[in-house]
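Below is one structure; the comments refer to it alone.
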Amino acid sequence: MAVTKNSFIDRARAVLEANRQGNWTTPAEMYPHQWLWDSCFIAIGLSTYDPQRAAKEILSLFRGQWRNGMLPHIIFGQSHDYWEGPEFWRSELSPDSPEGLHTSGFTQPPLPALAAWRVAQRLSDIEARAFLEDAYQALVAYHRWLYRERDVRRQGLVALIHPWETGMDTTPPWMRLIRRLKAPLWLALVERLRMSGPLGLFRQDFRQVPPSQRYSNLDALKLASPVLAYRQRHYDTQAILARPLLKVESDLFNAILIAANDSLAQIAQRLGQKLPQDLMQKAAQTKSALESLWDHQSNQYFSRNLRSGQLIKVSSVSTLVVLFSGSISSESADKLVKLMLNPKKYWTAYPLPSVPTDSSSFHPLRYWQGPTWVNINWLVIQGLLKHGYRPEASQLAARTTQMIERAGFGEYFSPLSGKKLGADNFSWTAALYLDLLELRT
Ligand code: GLC
């Protein structure tokens with residue numbers, strides 16, 4: 001047992017070494033650039049054995065920071081092997097985009113402050129202070145951007161404009177909205193004439209992963225289409241929100257923001273400062289506004305579609321991620337834990353499925369439509385710990401790490417068979433494996 005564990009630690013580190021690009025790390029060969037929340041998870045894992053590299057991983061995210069404070073969800077490197085690359089995004093159209101660097105045009109879950117705070121715990125005092133000083137202003141600017149540009153109702157909940165911002169790209173609640181969007185003429189024709197097939201020839205993901213584990217060509221076009229509309233508006237938030245295609249208060253994103261605000265306040269304190277008043281107020285507001293995403297009928301959280309004002313009542317594992325906020329009532333937490341432990345929903349042989357198994361959208365192999373993701377498990381495990389569910393957290397950590405030891409460092413896994421799926425040698429699976437090992441009982 002110990003031998004297996006040790007060799008797995010070496011293998012996990014080898015994955016992070018193989019995907020290294022100097023100061024930052026790609027998610028996998030299939031994703032040859034830098035992603036925002038991936039780098040945060042990667043830094044958390046790296047900090048278990050190389051906290052200095054972990055600090056660089058976080059700081060390298062600020063290269064891509066826009067003048068308005070936004071941290072983009074992708075910073076492009078040199079590789080040309082990614083089909084939605086710099087020519088697709090054309091971030092240079094925005095006057096806010098950084099000089100000499102190509103990025104995407106919107107963000108991803110706001111984990112940097114949280115990851116920075118965790119990394120700092122593993123550095124020496126002097127190193128931690130220097131690192132946090134380097135990071136602090138950039139983090140404040142990012143949180144301010146989130147509230148200034150995306151707190152649409154001014155109630156403290158940040159709204160997202162695309163499912164890629166949740167990091168759960170094709171999750172059913174969002175796909176419902178994506179599929180109902182009014183298509184531009186070119187897309188309506190492609191759909192009408194059933195012409196999406198040839199796109200498969202250009203999809204670089206299909207070279208590495210069977211199409212049955214990915215999303216359809218038509219869905220790929222439907223996901224790309226709003227980006228083209230935002231590009232036309234030069235990624236100007238006001239212009240985008242004036243005629244929004246998608247405007248959603250995400251349960252997962254706001255729960256993570258609550259935890260990240262707490263980390264930012266801790267960083268400020270460590271630097272002998274106080275979090276600026278505007279951010280303190282917003283942080284408190286987000287905590288109380290989160291409750292408006294609770295659905296009393298089904299006892300779970302949902303995201304709110306701001307175009308209709310209604311909750312999107314399609315279940316996904318994001319409801320369990322709300323535990324990560326650390327701020328919900330013990331009654332709600334209890335209900336979520338019961339939901340999680342229900343074998344007909346989330347407590348499968350290899351939990352946690354990204355969609356409950358009794359949902360009509362559940363598919364055990366398809367990207368975000370059923371498979372188990374290690375980053376989601378990690379978030380839920382931290383949430384369980386914050387709310388005092390230590391045995392459940394250890395159990396989920398044990399199941400997750402054993403699944404990885406059995407199958408390897410997949411991008412995602414079948415919640416029924418534990419088989420690894422998607423890209424192989426996936427960085428956050430390796431990184432979070434290292435972090436979760438410490439929780440295994
Ligand atoms: C996919 C995932 C997203 C991740 C990215 C890189 O787009 O859905 O969460 O950040 O791949 O790994």
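One-based numbering, in listed order, for ligands and for the atoms of each.
- Proximity of Q108 to ligand 1 is established by a heavy-atom distance of less than 4.0 Å.
- Close N/O approach between G167 and ligand 1 is found [any backbone or side-chain N/O within under 3.5 Å].
- Nearest non-hydrogen protein atom to atom 12 (O) of ligand 1 is D38 OD2, 2.7 Å.
- The atoms of ligand 1 that sit less than 4.0 Å from any heavy atom of W37 are 3 (C), 4 (C), 9 (O), 10 (O).
- Within the listing of ligand 1, atoms 1 (C), 2 (C), 7 (O), 8 (O), 11 (O) sit less than 4.0 angstrom from a heavy atom of Y367.
- Annotation: cation-pi geometry satisfied between R13 and Y49 (NZ/CZ under 6.0 angstrom from ring centroid, within 45° of ring axis).
- Between F8 and F409, the distance separating the two ring centers is shorter than 6.0 angstrom.
- Each of D219, D205, D169 was scored for a salt bridge (charged side-chain N to carboxylate O under 4.0 Å, His left out) with R214, with one residue passing: D205.
- For the ligand labelled ligand 1, residue F426 lies inside the 4.0 Å heavy-atom shell.
- Donor-acceptor pairing under 3.5 Å is lacking for the side chains of S303 and E249.
- Among all protein heavy atoms, the one lying closest to atom 11 (O) of ligand 1 is Y31 CE2, 3.4 Å.
- Scanning the protein heavy atoms around atom 7 (O) of ligand 1, the nearest turns out to be D169 OD2, 2.6 Å.
- Taking only nitrogen or oxygen atoms, main chain and side chain alike, E411 does not reach within less than 3.5 Å of ligand 1.
- Sorted by first then second residue, the side-chain hydrogen bond (donor to acceptor under 3.5 Å, both in side chains) pairs that include residues 420-429, not counting sequence neighbours, are N19-S427, K420-D424.
- Screening residues 212-240 for ring-ring contact (aromatic ring centres under 6.0 Å, His included), with sequence neighbours left out, gives Y215-Y367.
- Here the CG atom belonging to L218 is positioned 5.0 Å from the OG atom belonging to S196, to the nearest 0.5 angstrom.
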